[in-house]
*Asks:* 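Dropping a structure here in structure tokens format, bear with me for questions.
So you know, we letter chains A, B, ... as the sequences are listed, proteins then strands, and number each from 1.
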Amino acid sequence: MAISHTMNWPKDHRIMANIQKRIESILSSAVVAAFGQEHADADPLINPTKDPKFGDYQANLAMGLAKKVGQKPRDIATTIVENINEPEFFEKIDIAGPGFINLTLTQNTINDSAENILGDLDRLAIAKTEDKQTVVVDFSSPNVAKEMHVGHIRSTVIGDALARIFDFLGHDVIKQNHVGDWGTQFGMLIQYMDEMPDEDKAAHESGQGDTLNTIYQKSKKRFDEDADFATRARERVVALQAGDEDTLAVWQKLVNESETYFDSVYKRLGVSLTLENIKGESFYNPMLAKVIEDLKTADLLKVSQGADVVYPEGFKDRDGNPMPMIVRKSDGGFLYATTDLAAAHYRIEDLKSDRIVYVTDSRQSQHFAMVFQTLREAGWAPFNVRLDHVPFGTIMGKDRKPFKTRSGETIKLVDLIDEAESRAIKILADKNPDMDEAVAKDVAHTVGIGCLKYADLSNDRIKDYIFDWDRMLSFDGNTAAYLQNSYVRCMSIFRRGEIDPASLAGAKIMAVEAAERLIVLKLLQLPNVLQSVADSLEPHRLCNYLYELASLYHSFYEKCPVLKSEGETKTSRLALCLLTATTISHGLALLGIDTPEQM
RNA sequence: GUACCCGUAGCUCAGUUGGAUAGAGCAGCUGACUUCUAAUCAGCAGGUCGCAGGUUCGAAUCCUGCCGGGUACGCCA
């Protein structure tokens, strides 16, 4: 009987699939057995090794234990190894260097682990979290009446990926699109629309005339140039805030039109946001007065130069004095800080969130730090509620200045999408001229949008990055096209061999070649990678992982013939192809990126 | 002026939260296509990890101070 059947696996096959956790638990037990219960909390510091010559995993805790225990690290490592009670799990255990414990898994452990994933392709044997949280993800947040532009893409794409990953890990995700649907700018906009000639209005509504964006720009121009108009516009702001019915009706129309437009952009981008996720600034209007009141009750509210402010602890202005955060202007108006406080309060109290994640650009870091601090001081965000700002850098042109058109204008998001698709069409026509035209268009959409989004996700988000069409659409390197192609290549084997992937259910896997073993080891890392994305809020870690997996697959493809092999070897290799393909497409899906069936 | 972020190969970027000889892609060079693949693979070359200290058995990673770049600092969001 195979050793695997005698092993003491946990009952839940998904927990079992997380080999690294399993090794951590084995090593922890060994440490307790060797040095006592007081070391039960010591992190065994298990990591996949960088080089196969060090085995599959390494445990790095012996060096750190040296001082606490008063022994030499290598001796400690030896004692730990002697106390490992599941030697059948490991083929080989070596002690190297200052006290690294190098662990090599047995062939059976490798094979069983891979088979386990094969038996659960929907979740790739990844367990849902045992610590389920309600996570609010605040992202995208475009402004009503304005066109979405290049500046919106990062928040939208990063936020969507994070929401998908939280959801997959088993959390309750509440997506919130905090659209800018309120503010003084609506006064001039509404007034301008009111004064528009009927035929212009009709043209606009039929989609033939000026877009909302253009109307916005014209109204701003008029506001700046025409003092009488400006006065009427200001009166409109007052009317809007006072709840004047006619004014509100125009406002509502603007909002609805914009939201329909946002929705169309999200659909083209393949972003999971819907109209139901929209909770604009106006939603919090009725709560703002109460925010001020509660701040006063909490004794946090101060008056400075006629404005209501709070002084969150730990912030100093340029003169070294406490730095205020204005929550009500001297004219009585509220600000975005007030709205953010109200929104957070609502999310914690009404939505019952355990964690709030704000995906906005890094320039707002200080703002959110002050808002978070105020929420803590006011007691609205207890310390078991986690608040995260997810800052990201600017998209730069090749000149290292913020990405603009040649004439210096802001780039519309839809233009970016159009160009991604048209460039993808050209590339595909060049590489695969025989493809059916309708199919090619479809594939170009998947590849073009995929590459556009992946470029945003694959960089460390905190850094500015340089936008380069050629690089992002390249089939070489860390791009969506490379990963999508890897998937297509995996699956084309099944087509060519006329094999139904479903026939591999329950297949036996024997990852004996070095290249095969490396793939399985990489597959086993996925749960840890996803967890690290959820902790760090850095989707590029998943991108790197997928790229490494795809690279390993290409090496395997080179060294290990699949269709030309026979019998059990062939079945096993087909299974590895299927596992790789599924992991790549699933991983891309978690990033909000689709996978074509051919390229 | 204060705070935060960034600085890694010619270029664009990773570096598993402190681990072993710092890795990819592009560009350059060398090989491999009647093949499940050239939309790729194997390899060569390319480094003062901005600089200087410090902590540590061990630092690109943590701390301090400089240098350079960016961003934010009262009634916009």
*Asks:* Using the P atom in both, what is the distance from B:rC11 to B:rG53, to the nearest Å?
*Replies:* 26 Å

*Asks:* Could you check whether A:Y336 and the base of B:rC76 form a stacked pair, meaning centres closer than 5.5 Å and planes differing by less than 30°?
*Replies:* no

*Asks:* Can you check the distance between B:rU8 and B:rG47, where both ends of the measurement are the P atom (answer in whole Å)?
*Replies:* 15 Å

*Asks:* Side chain of A:R471 only, please: which of B:rU21, B:rA20, B:rU12 is the nearest?
*Replies:* B:rU12

*Asks:* Using 30° and 60° as the class limits, which term best fits the ring planes of A:F403 and A:F467: parallel, tilted or perpendicular?
*Replies:* parallel

*Asks:* Compare the minimum distances between each of B:rG70, B:rU12, B:rA39 and the side chain of A:D464, then state the nucleotide with the smallest one.
*Replies:* B:rG70

*Asks:* Is the base of B:rU17 syn or anti, where syn means the angle lies within 90° of 0?
*Replies:* syn

*Asks:* Look at all strands and tell whether A:N432 reaches a base, only sugar-phosphate, or nothing, counting heavy atoms closer than 4.0 Å.
*Replies:* base

*Asks:* At 4.0 Å (heavy atoms only), tell me whether A:Q58 reaches a base, stays on the sugar-phosphate, or touches nothing.
*Replies:* base

*Asks:* Can you tell me if the side-chain N/O atoms of A:K431 get under 4.0 Å from OP1 or OP2 in B:rA38?
*Replies:* no

*Asks:* Base, sugar-phosphate alone, or nothing: which one does A:K67 contact when heavy atoms must sit under 4.0 Å apart?
*Replies:* sugar-phosphate

*Asks:* Closest to the A:R489 side chain: B:rC73, B:rA39, B:rC11?
*Replies:* B:rA39

*Asks:* Using the C1' atom in both, what is the distance from B:rA22 to B:rA59, to the nearest Å?
*Replies:* 12 Å

*Asks:* What's A:S536 touching, base or sugar-phosphate or nothing? Going by heavy atoms closer than 4.0 Å.
*Replies:* base

*Asks:* Are the side chains of A:T583 and A:Y545 in contact, using a 4.5 Å heavy-atom criterion?
*Replies:* yes

*Asks:* Nearest heavy atom decides the nucleotide; on that basis, is A:Q305 or A:E538 closer to the 5' end of RNA chain B?
*Replies:* A:E538

*Asks:* By nearest nucleotide on RNA chain B, pick out whichever of A:S555 and A:D319 is the more 5' one.
*Replies:* A:D319

*Asks:* Students often get this wrong, so: under 4.0 angstrom with heavy atoms, is A:S365 touching a base, only sugar-phosphate, or nothing?
*Replies:* nothing

*Asks:* Tell me whether B:rG74 sits syn or anti, counting syn as a glycosidic angle within 90° of 0.
*Replies:* syn

*Asks:* For a quick check of understanding: with a heavy-atom distance under 4.0 Å over all strands, which category does A:Y547 fall into, base, sugar-phosphate or nothing?
*Replies:* sugar-phosphate

*Asks:* Once you apply the 3.5 Å cut-off to both distances, tell me the Watson-Crick or G-U wobble partner of B:rC49, or none.
*Replies:* none

*Asks:* Does the ring centre of A:Y284 sit less than 6.0 Å away from the ring centre of A:F334?
*Replies:* no

*Asks:* Fit a plane to each ring of A:Y336 and A:H367, take the angle between them on a 0 to 90° scale, and name the class: parallel (under 30°), tilted (30 to 60°) or perpendicular (over 60°).
*Replies:* parallel

*Asks:* Between A:W182 and A:W251, how do the two ring planes meet: parallel, tilted or perpendicular, split at 30° and 60°?
*Replies:* perpendicular

*Asks:* Using the side-chain heavy atoms of A:L335, tell me which of these nucleotides is nearest: B:rU37, B:rC75, B:rG15.
*Replies:* B:rC75

*Asks:* Using a heavy-atom cut-off of under 4.0 Å over every strand shown, decide if A:I462 touches base, sugar-phosphate, or nothing.
*Replies:* sugar-phosphate

*Asks:* Tell me the interatomic distance from A:H367, atom NE2, to B:rC75, atom C1', rounded to whole angstroms.
*Replies:* 14 Å

*Asks:* According to the Watson-Crick and G-U wobble definitions, with both distances under 3.5 Å, which nucleotide is paired to B:rU17?
*Replies:* none

*Asks:* Tell me: CD1 of A:I76 to C1' of B:rC57, nearest whole Å?
*Replies:* 11 Å

*Asks:* Please measure how far the C1' atom in B:rG46 lies from the corresponding atom in B:rC26, and state the result in whole Å.
*Replies:* 13 Å

*Asks:* Pick the P atom in B:rC76 and in B:rU16, then give their distance to the nearest Å.
*Replies:* 43 Å

*Asks:* Is the NZ or CZ atom of A:K302 both under 6.0 Å from the centre of the six-membered ring of A:Y311 and within 45° of that ring's axis?
*Replies:* no

*Asks:* Could you tell me whether A:M63 contacts a base, only the sugar-phosphate backbone, or nothing, with contacts defined as non-hydrogen atoms closer than 4.0 Å?
*Replies:* base

*Asks:* Taking the same atom, C1', in B:rU12 and in B:rC4, what whole-Å distance lies between them?
*Replies:* 25 Å

*Asks:* Pick base, sugar-phosphate or nothing for A:A96, based on heavy-atom distances below 4.0 Å to the nucleic acid.
*Replies:* base

*Asks:* Any side-chain heavy atom of A:P324 sitting closer than 4.5 Å to one from A:S304?
*Replies:* no

*Asks:* Heavy atoms from C-beta onward define the side chain here; which of B:rC57, B:rC13, B:rG74 lies closest to that of A:N459?
*Replies:* B:rC13

*Asks:* Starting at atom NE2 of A:H554, determine the distance to atom P of B:rC41, rounded to an integer number of angstrom.
*Replies:* 5 Å

*Asks:* With a cut-off of less than 4.0 Å, is there a side-chain N or O of A:K316 near OP1 or OP2 of B:rU2?
*Replies:* no

*Asks:* Any idea which of B:rG19, B:rC57, B:rC36 is nearest the A:R496 side chain?
*Replies:* B:rC36

*Asks:* Mind checking the C1' distance from B:rU56 to B:rC62? Whole angstroms is fine.
*Replies:* 10 Å

*Asks:* Mind checking A:C490 for me? I need base, sugar-phosphate or nothing, with any heavy atom below 4.0 Å counting as a touch.
*Replies:* nothing

*Asks:* Tell me the interatomic distance from A:F368, atom CZ, to B:rA77, atom C1', rounded to whole angstroms.
*Replies:* 10 Å

*Asks:* Within this structure, what is the NZ-to-P distance between A:K68 and B:rC57, rounded to whole angstrom?
*Replies:* 13 Å

*Asks:* As a test of reading the structure: which of B:rA72, B:rG74, B:rG19 is closest to the side chain of A:P324, going by heavy atoms?
*Replies:* B:rG74

*Asks:* Using a cut-off of 4.0 Å on non-hydrogen atoms, how would the nucleic acid contact of A:S304 be classed: base, sugar-phosphate, or nothing?
*Replies:* base

*Asks:* Atom CD of A:E548 to atom C1' of B:rG25: distance rounded to whole Å?
*Replies:* 13 Å

*Asks:* At less than 3.5 Å, do the side-chain atoms of A:N102 and the base atoms of B:rA20 form a donor-acceptor pair?
*Replies:* yes

*Asks:* Whole angstroms only, please: what is the CG-C1' distance between A:L457 and B:rC13?
*Replies:* 15 Å

*Asks:* What is the distance, to the nearest angstrom, from the CG atom on A:D468 to the P atom on B:rC11?
*Replies:* 15 Å

*Asks:* Quick one: are A:L162 and A:V533 in side-chain contact, heavy atoms under 4.5 Å?
*Replies:* yes

*Asks:* Sticking with atom P, work out how far B:rG18 lies from B:rC13, rounded to a whole angstrom.
*Replies:* 24 Å

*Asks:* Provide the Watson-Crick or G-U wobble partner of B:rG68, both distances under 3.5 Å; none if there is no partner.
*Replies:* B:rC6

*Asks:* Stacking check: are the rings of A:F100 and B:rG19 less than 5.5 Å apart at their centres and under 30 degrees in tilt?
*Replies:* no

*Asks:* If the cut-off is 4.0 Å, is A:Y482 near the phosphate of B:rC41, judged by side-chain N/O to OP1 or OP2?
*Replies:* yes

*Asks:* Do any side-chain nitrogens or oxygens of A:K463 fall under 4.0 Å of OP1 or OP2 in B:rA14?
*Replies:* yes

*Asks:* Looking at B:rG15, B:rU17, B:rA20, which one has an atom nearest to any side-chain atom of A:N47?
*Replies:* B:rU17

*Asks:* What I want to check is whether the side chains of A:S282 and A:D181 have a donor and an acceptor closer together than 3.5 Å.
*Replies:* yes

*Asks:* Quick one: which of B:rG19, B:rU37, B:rA39 gets closest to the side chain of A:E558?
*Replies:* B:rU37

*Asks:* Using a 4.0 Å heavy-atom cut-off, does A:I466 contact any base of the nucleic acid, only the sugar-phosphate backbone, or nothing at all?
*Replies:* sugar-phosphate

*Asks:* Parallel, tilted or perpendicular: which one describes the rings of A:Y553 and A:F556, with boundaries at 30° and 60°?
*Replies:* tilted

*Asks:* For A:M325, which contact category applies under a 4.0 Å heavy-atom criterion: base, sugar-phosphate, or nothing?
*Replies:* nothing

*Asks:* Let's see if you can work this out: which of B:rA14, B:rU17, B:rC13 has an atom nearest to the side-chain heavy atoms of A:R541?
*Replies:* B:rU17

